[in-house]
Amino acid sequence: MTSAPSSLVFASFDHAADPLASLQEVPQGQFLRWYLADLGAQSVLIEEKYFDRDYLSEFAAFYCTSSAGYPNVCQRLHYFSIAVDRPMFERAVADDEDALRKIQDAYLGFIVRRPIPGTPFGRTVLRWYPEQSPDLPRVIEPARFYTSHVAGLELGVRGLAWQQQDDGVGKCATIALWSMLHSSAFDDRHVVPTTAEITQTAHRAGLSAAPLFPSSGLTAAQLIASLRDSGFTPLVVAGELPDNRFGRERFSSSLASLIRSGYPVVVAGASERDGVGHAACMVGFRQAASNTPNPGMVELEDAKTEFVYIHDDNLGPAARFRIELDAKGTYVALRAVPPTGKHTGTLPDPTKNYPRLIPKLLLAAAHQDVRITPDRLHTLGVNLGTMIVATTGNGLGLSCSSRMIRLAAYVGPELGRILADRPSVLGTTRLSLWESVPPMSLHLGVIRFGAGKVPLLDVLYDTTDSAPNMRAFCYVAYHPEMVAAVERLVVLRLFDDQVVSVRAF
Amino acid sequence: MNNPEAPGGGRGREGSLWTTRVPTASGLDLAKVNQSVSADEIRKALAAAQDRATTFTGRVSDDVLRAIVGG
């Protein structure tokens, strides 16, 4: 009987009482086992009865009318990097500070186990691997903070929700969209649609002859319509090569710009093995190193991005994929490549034989007021960078990168970080932006130029207008020569004479 | 020119435009603006870069829009 009370269960990770150990036949189970082993999982706390919002929505939409008699209650598994047993947990829920701190510090995240035998993995949020390359960190801007409560004990983890497609209410496209809408960028919206709601919204426009449930997948057109009808601006980037395949520069620069902006990216494409359509959600990437471009060149720094982290419902959360090219070096293909295992066991590689994905479409959900795309930012960046370089008689080479950012986050944390060593300059720059520049939009499009990795110039664009009228509010120069270059372009009537100069040097 | 204490900002260390701080000293020796470069010369440079700029103009095909994504 599902409504009967039940005790919490404490078990060792990957031992018989750990439910994950009995789910190895499911590929995602292998992946989660590997991932948790690498995080150093030691123990699991099992809530036998847990009502999950997403599963309840799936249950109401589909499973409640099945003759299989599925229950409406799930199991929730909490993993820790220390051995958490009942006596320790009893001390923690009695507010023993030492036990409380140890348990909270060791929390690795949770997995909701649905009562659906073939597709058991529901909402799952796990901690990222520890960062080992702080100079070139993973960019995981979309990650947000999730809290769970067990007997009054608050457990927190920073990540982004993932789940396995259940084949009833949602296929891969629904799941990818669901993960995307969990992003930290939408914290101000509070309500994240469930998978059932996403699939229902996608069918609202009557764009498909397929039945609503069980879902047979969504088209890209349905995904875009679903985002628009849910109150977001769909930002669509299609491959520029034949059959909508991507070259490396466009693919890598676009995904980096969007993820850095806090917008996860649904990547839709085809499996290299059989051509079957697939979608997954890109949630992070490894920052590429900046090289100083040769004189006369403008290089997009993110074009060299090598690794992207993908919530793939067929595999698992934050799976690392390498951005590769086909044999002729023309178009992008994504290959799952796990980092070298840190655990000591002999677990099978969950990505072995996993086919490469050929991306054809990138889709992100932006705030409604954002009307600028990464393509537009990169076109503006290449053009302006080329003109600045030309003012020096091609003596200068520039690196270039872009993102969208809330005005408050740019003036606050971003300038605070970049000018941390020059506090007086930081203060005058912040005041100049507030007092000298006409009122700016809530979100900015920022194009950053540099000498290799050293920032020289930010140009701040309005995100709220149509492309032909897109204007720069101002530029923030970190070096006097950048002021000279932009002023020269203004004198020659090659750049907007209304743009405000902010000197940050 | 770089602050070795800055994340990603030390000389010889890897870094990127979004992880490097602006250096404390303004000793970065950049190529100077050449006042003799004309507007026409800059326009020519811009025209030469247009092929590259059009990289960022892919249009989604009907085939891709209509394909079922359900793998």
Side-chain angles (χ1 to χ4, degrees), chain A residues 134-137 171-173 216-221 236 238-240 244 247 249-250 260 268 271 276-279 287-290 301 360-361 375 378-379 382-383 386-387 390-393 395-396 399 401 418-422 448 450-451 453-455 478-479 481 484-485 488 492 494 505, chain B residues 1-3 5-71:
Chain A
D135 287 345
L136 297 171
K171 299 284 274 188
C172 60
S216 55
L218 301 174
T219 64
V236 182
E240 75 280 13
N244 271 145
E249 183 179 53
R250 183 140 184 264
R260 189 179 286 119
S271 161
V276 169
H278 183 50
Q287 177 65 56
S290 193
E301 179 179 275
K360 298 187 176 184
L361 184 86
D375 277 341
H378 292 138
T379 302
V382 168
N383 287 343
T386 299
M387 290 196 293
T391 63
T392 67
L396 179 67
S399 50
S401 184
I418 199 170
L419 292 171
D421 298 324
R422 312 179 81 174
R448 177 164 291 169
K453 65 184 181 181
V454 180
Y478 302 106
H479 192 285
E481 211 57 44
R488 179 71 182 150
L492 295 174
L494 294 167
F505 48 83
Chain B
M1 67 176 192
N2 286 347
N3 172 9
E5 301 304 315
R11 191 187 297 274
R13 292 170 68 185
E14 291 186 310
S16 79
L17 286 171
W18 302 98
T19 56
T20 308
R21 296 177 188 172
V22 171
T24 47
S26 57
L28 182 57
D29 188 21
L30 286 186
K32 306 279 184 219
V33 170
N34 183 342
Q35 299 294 333
S36 67
V37 175
S38 69
D40 275 352
E41 286 172 300
I42 295 174
R43 283 196 195 94
K44 278 181 190 167
L46 194 56
Q50 287 319 290
D51 274 355
R52 181 165 175 217
T54 55
T55 298
F56 303 102
T57 55
R59 290 178 184 276
V60 58
S61 69
D62 283 349
D63 286 348
V64 168
L65 271 180
R66 289 178 189 154
I68 292 278
V69 184

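Chain letters run A, B, ... following the sequence lines, proteins first, then strands; residues in each count from 1.
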Under 3.5 Å, is there a donor-acceptor pair linking the side chains of R52(B) and T386(A)? no
Heavy-atom pair of closest approach, residues A31(B) and E481(A): O-CG, 3.5 Å
Show, in sequence, the C-alpha distance, side-chain angles and deciding distance for E249(A) and H378(A), and conclude whether the side-chain contact (heavy atoms from CB on, under 4.5 Å) test is met. CA-CA 10 Å; E249(A) 183 179 53; H378(A) 292 138; over 6 Å; no
Portion of R448(A) that has a non-hydrogen atom of chain B nearer than 4.5 angstrom: both
Under 4.5 Å from any heavy atom of chain B - which part of L361(A): side chain
In terms of heavy-atom pairs under 4.5 Å with chain B, which of T391(A), V382(A), V236(A), T379(A) leads? T391(A)
Side chains of E301(A) and S399(A): any donor to acceptor distance under 3.5 Å? no
Please classify the contact of Q50(B) with chain A as side chain, backbone, both or neither, using a heavy-atom distance under 4.5 Å. side chain
Candidates D421(A), V454(A), L419(A) - the one meeting side chain to side chain contact (heavy atoms under 4.5 Å, CB included) with V22(B): L419(A)
Heavy-atom contact with chain B under 4.5 Å, split by part of I418(A): both
Among T55(B), V33(B), L46(B), D63(B), who wins on heavy-atom pairs under 4.5 Å with chain A? V33(B)
